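A quick write-up on the structure given underneath.
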There are 2 protein chains.
Amino acid sequence: MISLYLAEDQSMLNSALTQILNLEDDLQVLGSAEDGATAWTQIQKLQPDVAILDIEMPQMTGLEVASQIQASALKTKVIILTTFAQSTYFQQAVAAKVAGYLLKDSPSDDLIAVIRQVMTGKTVYAPELVVNMVSAEHNPLTDREMAVLAEADSGLPTKQIAATLFLSEGTVRNYLSAIFSKLGVHNRLEAIQVAKKNKWMR
Amino acid sequence: MISLYLAEDQSMLNSALTQILNLEDDLQVLGSAEDGATAWTQIQKLQPDVAILDIEMPQMTGLEVASQIQASALKTKVIILTTFAQSTYFQQAVAAKVAGYLLKDSPSDDLIAVIRQVMTGKTVYAPELVVNMVSAEHNPLTDREMAVLAEADSGLPTKQIAATLFLSEGTVRNYLSAIFSKLGVHNRLEAIQVAKKNKWMR
DNA sequence: AAATAGCTGTGACATTTGTCATGTTGGTCA
DNA sequence: TGACCAACATGACAAATGTCACAGCTATTT
């Protein structure tokens, strides 16, 4: 019997998955949560064989919970279950040594299959991710440039950006100009869009 | 026996719901799709008692499918199942005379309950929506202003906006200026953010 | 030691953006 | 009919933004 814990903040999916997982003879859901913090507390208490974690949840992300599990050397194996194939998320997940990474864009039977596989010691990643990894454009912007762009994203004018980052206005304009030429655009709005499309910022 | 059709583009949820709905003695899922277009074709063919539709789907949104169903005078009742409580979506759904509007932020048992209720002729809306409706800020921008803002959102400079909307540059700047003063901001980026936060645009 | 890359700055300039006053036209509503 | 508002426009001005060239400083790499 494989014991499970499920953390997923979308109630509809949470309850539906809990039910179908419990239908399997060899699977048992010990509990479920709709936010990361309660999930982490419960996981420590229940010590399930496998924790199925969504990434974007209130209070604590699934990735944070995964890191905690790893840091505490629990025997619990982690499967990340998320919507998007963002390579940054995936990289963090690999860093936290998760046993599986599955997209919500796969049928529920896949989840069941993955659960059984990780219990045999295998590591299972959604194939979409590996493809995405290699083809992912790498961010040409420097840390400082990203910082400036992030401020610009909140709609601040040059003066405010300069103030919050302790730079001169000229420098901020220079950074923005450099960003534009690197990204092949001519204004802040477009630059932000390109950066978001490439998942360099959210 | 109540016959159902399910349109939901997230496979995980689609397959999980299909399974648990089929577990109920009085419910039967005739089929399911992951995009609006196939859903609409299938619904015409199968004529289910109830169609459960996600809104954001490839090819055709759930709201479009709902309108088609209404226009064709099918006996199929529609339940919209979606993530966010956006009042614009909700209003469109009401306009399309849907029988139910449920958030994914409710457990799957609620869905089952709602299915049975709409079959008795009731109309069921998630309570969160009614609350949201009254408290929702209404959009102070005119149609034309919205059109300009939409173009601005794609990062186009004034000249391009003017060209695509067949306006003079001055008019475009005027509209933007009017928008800013209505929204209490001073640049495009902020205006777009306010508009999106208030769900006036996506 | 030299080359490279990132970080910071200045100054000057052209262009774009935002503001304001003002006007015409057409539709709606009391 | 008169008041009002949306749509569209011009012109003029101030402010913000974007571009370019140039330069000094500090790490890191070769």
Side-chain angles (χ1 to χ4, degrees), chain A residues 87-88 91 136-201, chain B residues 87-88 91-92 95 136-201:
Chain A
S87 59
T88 50
Q91 283 158 17
E137 286 295 319
H138 112 282
N139 188 342
L141 305 181
T142 67
D143 289 355
R144 224 53 190 137
E145 287 166 347
M146 283 305 296
V148 171
L149 192 58
E151 296 302 323
D153 180 44
S154 41
L156 299 178
T158 311
K159 196 177 292 186
Q160 300 295 319
I161 299 176
T164 51
L165 296 180
F166 304 105
L167 294 175
S168 79
E169 283 190 51
T171 305
V172 171
R173 291 217 297 277
N174 276 333
Y175 277 133
L176 285 167
S177 196
I179 292 168
F180 301 156
S181 87
K182 283 186 186 177
L183 304 187
V185 300
H186 296 282
N187 64 56
R188 292 137 125 103
L189 222 26
E190 286 184 295
I192 289 162
Q193 285 175 358
V194 171
K196 287 184 178 173
K197 185 169 294 174
N198 286 91
K199 309 285 184 186
W200 298 329
M201 61 189 287
Chain B
S87 59
T88 51
Q91 282 157 17
Q92 285 179 260
E137 285 295 320
H138 110 280
N139 188 342
L141 305 181
T142 68
D143 289 355
R144 226 49 191 140
E145 287 166 346
M146 282 306 295
V148 171
L149 192 57
E151 295 302 323
D153 180 44
S154 40
L156 299 178
T158 310
K159 195 176 293 185
Q160 300 295 320
I161 299 175
T164 51
L165 295 181
F166 304 105
L167 294 174
S168 79
E169 284 190 52
T171 307
V172 171
R173 292 217 296 276
N174 271 263
Y175 277 134
L176 284 168
S177 196
I179 292 167
F180 302 156
S181 85
K182 284 185 186 177
L183 304 187
V185 300
H186 296 282
N187 65 56
R188 297 156 189 233
L189 222 26
E190 286 183 296
I192 290 163
Q193 285 176 357
V194 172
K196 288 186 178 173
K197 184 169 295 172
N198 286 91
K199 309 284 185 187
W200 298 328
M201 62 188 286

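What you see is a predicted model; the values in this text were computed from it and never measured.
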Check your understanding: Would A:T142 and A:E145 satisfy side-chain contact (heavy atoms from CB on, under 4.5 Å), going step by step from the backbone distance to the final call?
Key -> CA-CA 5 Å; A:T142 67; A:E145 287 166 347; 3.3 Å; yes
Check your understanding: Got A:Q160 and A:E151 here, is their nearest side-chain heavy-atom distance under 4.5 Å?
Key -> no
Practice item. State, to 0.1 Å, how close A:A195 and A:L149 come at their nearest heavy-atom pair, and which atoms those are. Key: CB-CD2, 3.8 Å
Check your understanding: Considering only heavy atoms, which members of residues 174-191 of chain B lie under 4.0 Å from some atom of DNA chain D?
Key -> B:N174, B:Y175
Check your understanding: Roughly how far apart are A:S168 OG and A:R173 CZ, rounded to 0.5 Å?
Key -> 8.5 Å
Review point. How far apart are the closest heavy atoms of A:I179 and A:A191, and which atoms are they?
Key: CG2-CB, 4.2 Å
Revision key, fill the gap. Looking only at heavy atoms, the pair that brings B:A152 and B:L176 closest together is CB-CD2, 4.4 Å
Point to revise | Nucleotides bounding contact with chain B, strand DNA chain C, heavy-atom threshold 4.0 Å | key: C:dT17 to C:dA21
Check your understanding: Does any residue of residues 150-170 of chain A have a heavy atom under 4.0 Å from DNA chain C, and if so, which ones, in number order?
Key -> A:L167, A:S168, A:G170
Revision key, fill the gap. Here the pair of heavy atoms bringing A:L189 nearest to B:I192 is CD2-CD1, 3.9 Å
Exercise for review: Please report the C-alpha distance between B:V172 and B:L165 in whole Å, then the side-chain angles of each, then the deciding distance to 0.1 Å, and finally whether the side-chain contact (heavy atoms from CB on, under 4.5 Å) criterion is met.
Suggested key: CA-CA 9 Å; B:V172 171; B:L165 295 181; 5.6 Å; no
Point to revise | Intermediate values then yes/no, side-chain contact (heavy atoms from CB on, under 4.5 Å), B:Y175 and B:I161 | key: CA-CA 11 Å; B:Y175 277 134; B:I161 299 175; over 6 Å; no
Review point. What are the bounds, 5' to 3', of the part of DNA chain D that sits under 4.0 Å from heavy atoms of chain B?
Key: D:dA6 to D:dA12
Check your understanding: Rounded to the nearest 0.5 Å, what separation is found between the CE atom of A:M201 and the CG atom of A:D153?
Key -> 3.5 Å
Exercise for review: Mind jotting down which residue pairs meet the side chain to side chain donor-acceptor pair (under 3.5 Å) criterion with at least one end in residues 184-194 of chain B? Sequence neighbours excluded, please.
Suggested key: B:T158-B:R188, B:N187-B:E190
Review point. Just checking B:R144: base, sugar-phosphate only, or nothing, at a heavy-atom cut-off of under 4.0 Å?
Key: sugar-phosphate
Review point. For the helix from C:dA1-D:dT30 to C:dA30-D:dT1, what is the angle between the axes at its two ends, each from 5 pairs, rounded to 10°?
Key: 40°
